[in-house]
**Student:** 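What follows is a structure written as structure tokens; I'll ask about it next.
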Amino acid sequence: MRALRSPGGVAAWASSDPGAALAALKALAEAQELSSGKAVHGRLLRARALGLVHGNALIHLYASCGRTYLARRVFDALSLRNVVSYGALMAGYLHAGLPAAGLDLLRHMDLAPARPNEFIYATALACCSDAGTLRTGEQCHGRVLKAGLGTFPYVGNSLLCMYLTCSGVEDAARVLSAASPDVYSCNSMINGYVDQGRFGDAMAVLGLILAEVDQWDHVTFLAALGLCAGLKDLRLGTQIHGQALRRGVEGNIFVGNSVVDMHGKCGEVGAAWRAFCELPDRNVVSWSSIMAAFAQNGLFEEALRLWPEMEEDGVRPNDFSYAIVLAACGGLSVLRHGEALSAHAEKTGFRGHSLVENALINMYARGGSIWDAHKTFAGMRRRDTVSWNSMISGFSQHGLGGEALRVFHWMSMERAPTTAVTFVGVLSACDRLGLVDDGFRYLNQMADQMGISPTVEHYTCIVGLLSRAGRLEDAESFMKTTEAEWDAVAWRTLLCACLIHKNHGLGKRIAKQILHRNPNDVGTYVLLSNIYARSGSWDGVSEIRKLMRARGIKKEPGSSWIQVRNQTHVFVSGDREHPRADEIYTKLRDLLAAIRPLGYVPDLDGVFHDVEDEQKEECLSFHSEKLAVAFGILTMPPTAPIHVMKNLRICDDCHTALTLISLAAARTVVVRDANRFHCFEDGRCSCGSYW
DNA sequence: TTAGGGTTAG
């Protein structure tokens, strides 16, 4: 590459030899050597040797260097232009993120003698994809067919991609079936289906090329690995990975990163970590993928620990990396840490990215600070579907059904597109508000008007809705008559309602059904034993205990944790491990004494019928969430809300006690339990005492 | 001299 070493030299040499000049311009375009290219340009002008072919090469060079205005200047100065001049400039606009300018050029061509060819349509269709204009895309489609250019593979794939981004998978699939599929269009189609969660369809397309693994290129491996990740199909993923190794494409950083991600999504953190360690090179996506793998599998601290390592490795974070670590902060409820990362993002210019803003909304909502989530949401300049969905579900999970529906109506007024996730939030808001009829109305609206097929999650909301309203038999018959893959979550929703509504007979029957299908469902054992205890059937309680012992099922011990001044303090029921245990126990005794006059009576009907009342009370008094709250009151400023997390569902006694403590101690207490948020304030809980 | 599919988030 003499050209790169000595720009002046190459210019002199190139201008005297037209063939060499062309070769030099091509090489300079590829290397994005703007200044050398300008030197060649100057020489060609001075030598009066700037004809059509060299002019086109210059347009391409300036376009490759991202200087579309210079490319345009050359284009305008040409006395004669051909289809290549248009193609080169149009591609420049496309890659510079100016698809509308590219389409303007297409219109300009209608007045010019040059007729669009397959190159022009491939580029124009890509412009339509980027600009999101289905109408122009369809017009191009019509012209492609009329000109008989539809059989060019490049054009076919550009068409398919245009429909994928501007319309949907159905139209794209029609394009695919009309043409003979090549590897490119199959890759695009698989990715399109995977994005929509239509894994079965994606698998069918993969099936078209499954026999020809030797024809696959690295992008096919990416699509296939993405499909395995979506399906959480480790077996297939491992096979594909093996093929990638055999074909020697695993050294490609995209494929390597995809292997890390696939293992993470399949729940194999160890394998993800090994794949990460084996990467020959690590870029920001590699680091993001491994952090995501940890965070998605609940290993939030491990994910956060990788951040400084990434920085040490000299890799700069991007919007994805911020979104991942913010999600980990939400998982741990370490909001101060998240805010520090948000400030970091501000400095690096990523704070305004929608990915980061949405992650912040989720972090605050998961961390219990729903109004900080709302503040972030309200301050956004551009809200996308995820922003709306996050805010709606955030409010719902916090028991603020009215706020959730208000956001949904606002979303509808702004005509933001709704998704299946939107309606999970909306239906659970109706559940919280007891709006049975509205719930059914939204379900029908979603299915009939929006064309979104309800999933088991939507139906579970309906079960919750009927259950909360006390219509337990209706809920059961809804489950029996509605075709859905009912899971343990759905059945437990009904079971939980049986406990709350004291329909012990139905509860026992439902529990037995669940245990018949899934004999290891710990949650069901716990709920069933509560039902027996509530109905005074101590034989039943000990029966369950025996059954659990026999089956080797252990109830996870209750534990709670709280962040105070960037430190996490963990409490297990009744333990005295904390260095300030004495103070905490004294504080808690005081608090419990203070709420007695407000009507607090320890709920001794727990599951321990074989212990003395005094011991029972001792047990109840020092449940982990009470200890954590007492510690919070002891150490946090009086106006600061106290945020506690618990691994299990909060128990009845703690719920009552914390409700009254919020009144007696004039403190706001937010507890995130295994299912939802409880915001205790002024002697009330946001869950409406139904959980 | 001009053109296609790509990894990480919710």
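What's counted below: heavy atoms across the whole structure, side chains too, no hydrogens, waters or symmetry copies. In what follows, chains are A, B, ... by sequence order, proteins preceding strands, each numbered from 1.
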**Student:** Rounded off to whole Å, could you give me the CG-to-P distance for the A:L80 and B:dT1 pair?
**Tutor:**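 In whole Å, B:dT1 P and A:L80 CG are 18 Å from each other.
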**Student:** Side chain of A:E118 only, heavy atoms from C-beta on: which candidate in B:dT2, B:dG10, B:dA3 is closest?
**Tutor:**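 Of the options given, the side chain of A:E118 lies nearest B:dA3.
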**Student:** If you count heavy atoms of other groups shown closer than 6.0 angstrom to CD of A:E301, is the number above 12?
**Tutor:**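 No - once you tally the heavy atoms of other residues, nucleotides and ligands closer than 6.0 Å, there are 12 at most.
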**Student:** Side chain of A:Q296 only, heavy atoms from C-beta on: which candidate in B:dG5, B:dA3, B:dA9 is closest?
**Tutor:**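 Closest of the options to the side chain of A:Q296: B:dA9.
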**Student:** So what does A:H95 hit on the nucleic acid, given a heavy-atom distance under 4.0 Å: a base, only sugar-phosphate, or nothing?
**Tutor:**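 A:H95: backbone/sugar contact only, no base atoms under 4.0 Å.
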**Student:** Would you indicate which nucleotide in B:dG10, B:dT8, B:dA3 comes nearest to any side-chain atom of A:A327?
**Tutor:**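 Selected nucleotide: B:dG10.
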**Student:** Of the nucleotides B:dT2, B:dG10, B:dT7, which one has an atom closest to the side chain of A:A88?
**Tutor:**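 Taking heavy atoms from C-beta onward, the closest nucleotide is B:dT2.
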**Student:** How long is the line joining CG of A:L225 and P of B:dT8, in whole Å?
**Tutor:**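 Spelled out: CG on A:L225 to P on B:dT8 is 10 Å.
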**Student:** Can you measure A:I361 atom CD1 to B:dG10 atom P for me and round it to whole angstrom units?
**Tutor:**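 Rounded to the whole Å, the gap is 14 Å.
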**Student:** Send over the distance from A:H218 NE2 to B:dG4 P, rounded to a whole Å.
**Tutor:**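 The answer, rounded to whole Å, is 14 Å.
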**Student:** Using a 5.5 Å cut-off between ring centres and planes within 30 degrees, is A:Y154 stacked on the base of B:dG4?
**Tutor:**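 No; centroid distance or tilt outside limits.
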**Student:** Within the structure shown, what part of the strands sits under 4.0 Å from A:N318 by heavy-atom distance: base, sugar-phosphate, or nothing?
**Tutor:**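 The answer is base, as A:N318 lies within the cut-off (heavy atoms under 4.0 Å) of a base atom.
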**Student:** Tell me whether the side-chain N/O atoms of A:K265 come closer than 4.0 Å to OP1 or OP2 in B:dT7.
**Tutor:**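 For B:dT7, OP1/OP2 do not have a side-chain N/O of A:K265 under 4.0 Å.
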**Student:** Any side-chain N or O of A:H60 below 4.0 angstrom from OP1/OP2 of B:dT1?
**Tutor:**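 Checking B:dT1 against A:H60, no side-chain N or O comes under 4.0 Å of OP1 or OP2.
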**Student:** Find the distance A:I324:CD1 to B:dT7:P and express it as a whole number of Å.
**Tutor:**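 It is 14 Å, rounded to the nearest whole Å.
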**Student:** Okay, side chain of A:N358, backbone of A:S354: is any donor-acceptor separation there less than 3.5 Å?
**Tutor:**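 Side chain of A:N358 to backbone of A:S354, a donor-acceptor pair under 3.5 Å: yes, one is there.
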**Student:** Using a heavy-atom cut-off of under 4.0 Å over every strand shown, decide if A:H54 touches base, sugar-phosphate, or nothing.
**Tutor:**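 Answer is nothing: A:H54 stays at 4.0 Å or more from every strand.
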**Student:** Without decimals, in angstroms, what is the distance between A:D281 CG and B:dT7 C1'?
**Tutor:**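 Taking atom C1' of B:dT7 as the reference, CG of A:D281 is at 14 Å.
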**Student:** In this structure, which one of A:E311, A:R316, A:M310 forms a side chain to side chain contact (heavy atoms under 4.5 Å, CB included) with A:W287?
**Tutor:**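 Filter result, single survivor: A:M310.
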**Student:** Of the listed nucleotides (B:dT1, B:dA3, B:dG5), which one gets closest to any side-chain atom of A:A122?
**Tutor:**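 It is B:dA3.
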**Student:** A:V260 near the nucleic acid: base, sugar-phosphate alone, or nothing, with a heavy-atom cut-off under 4.0 Å?
**Tutor:**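 It contacts nothing in the nucleic acid.
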**Student:** Would one find more than 12 heavy atoms of other residues, nucleotides or ligands at under 6.0 Å from atom CD of A:E138?
**Tutor:**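 Yes, CD of A:E138 has more than 12 neighbouring heavy atoms, counting only those of other groups under 6.0 Å.
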**Student:** Given B:dT8, B:dT1, B:dG5, which nucleotide is nearest the side-chain atoms of A:D261?
**Tutor:**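 Taking heavy atoms from C-beta onward, the closest nucleotide is B:dT8.
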**Student:** Nearest to the side chain of A:S258, heavy atoms from C-beta on, is which of B:dT7, B:dG10, B:dT1?
**Tutor:**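 The answer is B:dT7, which lies nearest to the side chain.
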**Student:** What nucleic acid atoms does A:A359 come within less than 4.0 Å of, heavy atoms only: base, sugar-phosphate, or nothing?
**Tutor:**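 Result for A:A359 = nothing.
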**Student:** Starting from C1' on B:dG10, measure out to CG on A:N358 and report it in whole angstrom.
**Tutor:**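 Value for this atom pair: 7 Å.
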**Student:** Can you check whether any acceptor in the base of B:dG4 is under 3.5 Å from a donor in the side chain of A:D182, or vice versa?
**Tutor:**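 Pair found.
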**Student:** Answer yes or no: are there more than 12 heavy-atom neighbours, outside A:R107 itself, under 6.0 Å from its atom CZ?
**Tutor:**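 Above 12, so yes.
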**Student:** For A:S289, which contact category applies under a 4.0 Å heavy-atom criterion: base, sugar-phosphate, or nothing?
**Tutor:**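 Sugar-phosphate only.
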**Student:** Regarding A:C161, tell me which of base, sugar-phosphate or nothing describes its non-hydrogen contacts under 4.0 Å with the strands shown.
**Tutor:**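 Sugar-phosphate contact only - A:C161 comes under 4.0 Å of backbone atoms but never of a base.
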**Student:** Please give, in whole Å, the distance from B:dT7 C1' to A:F276 CZ?
**Tutor:**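 It works out to 14 Å between those atoms.
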**Student:** Classify the ring geometry between A:Y86 and A:F75 as parallel (under 30°), tilted (30 to 60°) or perpendicular (over 60°).
**Tutor:**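 Correct class here is perpendicular.
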**Student:** The side chain of A:N362 is closest to which nucleotide in this list: B:dG10, B:dT7, B:dA9?
**Tutor:**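 Within the option list, the nearest is B:dG10.
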**Student:** Above 12 or not: heavy atoms from other molecules or residues under 6.0 Å from CD of A:Q139?
**Tutor:**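 Buried by this count: over 12 neighbours within 6.0 Å.
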